Amino acid sequence: MAAKLDYHWHLRKVMADRGLFSTTDLIPLLDERGITLSSSQVYRLVVERPERLSLKILMALLDILDCTMDNLIEPVATAGVESTARTRKAVGADVGVGALRPKRARIRGAERP
């Protein structure tokens, strides 16, 4: 199976290397570059790995931190994993039913037409 592409987000480490230890330190620096984000948005940007990122925000981060994209984003190839749709199981599916099987119902005394 083909390798699946993934990445590591190193914004927090790069910020620490530049002496920025608080996520709110980025807010005025981003604002100087015309990007207005709330403190919770900046926190998520720093602490979590973003799935979508505006190129304007990325370029502002590169300018603020005086770094390259290679410093912030590290591409990683992971082993191919099956689709979650194929691997999902019903609740309790991991517990085997063993000998618990329903018995076929038999109707007695009724005549068949």
Side-chain angles (χ1 to χ4, degrees):
M1 183 174 257
K4 192 173 186 181
L5 296 177
D6 204 2
Y7 66 95
H8 293 292
W9 181 243
H10 298 293
L11 178 58
R12 186 175 223 166
K13 180 187 177 304
V14 174
M15 283 178 60
D17 292 344
R18 306 297 191 271
L20 298 169
F21 298 102
S22 175
T23 59
T24 56
D25 293 341
L26 275 181
I27 295 173
L29 299 172
L30 287 168
D31 198 39
E32 289 174 6
R33 288 157 179 84
I35 297 172
T36 305
L37 296 176
S38 69
S39 59
S40 63
Q41 288 173 316
V42 173
Y43 177 82
R44 285 193 310 266
L45 182 66
V46 173
V47 176
E48 298 173 5
R49 187 177 82 158
E51 292 298 322
R52 293 181 304 265
L53 182 64
S54 164
L55 288 178
K56 288 183 179 184
I57 294 174
L58 178 62
M59 297 311 293
L61 290 173
L62 296 177
D63 184 45
I64 291 167
L65 300 170
D66 191 31
C67 65
T68 64
M69 280 198 300
D70 292 341
N71 300 117
L72 287 181
I73 304 167
E74 177 188 352
V76 177
T78 59
V81 180
E82 287 186 31
S83 165
T84 56
R86 291 184 199 149
T87 58
R88 284 189 183 161
K89 295 181 180 178
V91 175
D94 55 336
V95 180
V97 292
L100 300 176
R101 299 271 181 211
K103 292 187 177 182
R104 176 174 242 163
R106 296 182 188 246
I107 301 174
R108 296 183 182 171
E111 292 184 26
R112 294 186 181 220

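If you're wondering where the values come from, they're calculated on a predicted model, not measured in any experiment.
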Salt-bridge criterion met for Asp6 and Arg49 (N-O under 4.0 Å): yes

Side-chain heavy-atom pair Leu30, Ile64 within 4.5 angstrom cut-off: yes

At their closest point, which heavy atom of [X] faces which heavy atom of [Y], and how far apart are they?
X: Cys67; Y: Val14; value: SG-CG1, 4.1 Å
X: Leu26; Y: Leu61; value: CD1-CD2, 4.1 Å
X: Pro28; Y: Asp25; value: CD-O, 3.6 Å
X: Thr24; Y: Ser39; value: CG2-CB, 4.4 Å
X: Asp63; Y: Arg33; value: OD2-NE, 2.7 Å

Sequence-distant partners of Arg12, side chain to side chain contact (heavy atoms under 4.5 Å, CB included), two or more places apart: Val46, Val47

Counterpart residues, side chain to side chain contact (heavy atoms under 4.5 Å, CB included), relative to Gln41 (two or more places apart): Leu37, Ser38, Arg44

Are [Y] and [X] connected in a single hydrophobic cluster, I mean Ile/Leu/Val/Met/Phe/Trp/Tyr linked by side-chain heavy atoms less than 4.5 Å apart?
X: Met69; Y: Leu5; answer: no
X: Met15; Y: Phe21; answer: no
X: Val76; Y: Leu53; answer: no

Taking atom [atom1] of [X] and atom [atom2] of [Y], what is their separation to the nearest 0.5 Å?
X: Leu11; Y: Leu72; atom1: CG; atom2: CG; result: 6.0 Å
X: Lys13; Y: Glu74; atom1: NZ; atom2: CD; result: 10.5 Å
X: Thr68; Y: Ile73; atom1: OG1; atom2: CD1; result: 9.5 Å

Using modelled atom types only, decide if a donor and an acceptor are shared between the side chain of Trp9 and the backbone of Leu45 within a distance under 3.5 Å. yes

CA sep, side-chain torsions, deciding dist, call: Leu65, Asp17, side chain to side chain contact (heavy atoms under 4.5 Å, CB included): CA-CA 9 Å; Leu65 300 170; Asp17 292 344; over 6 Å; no

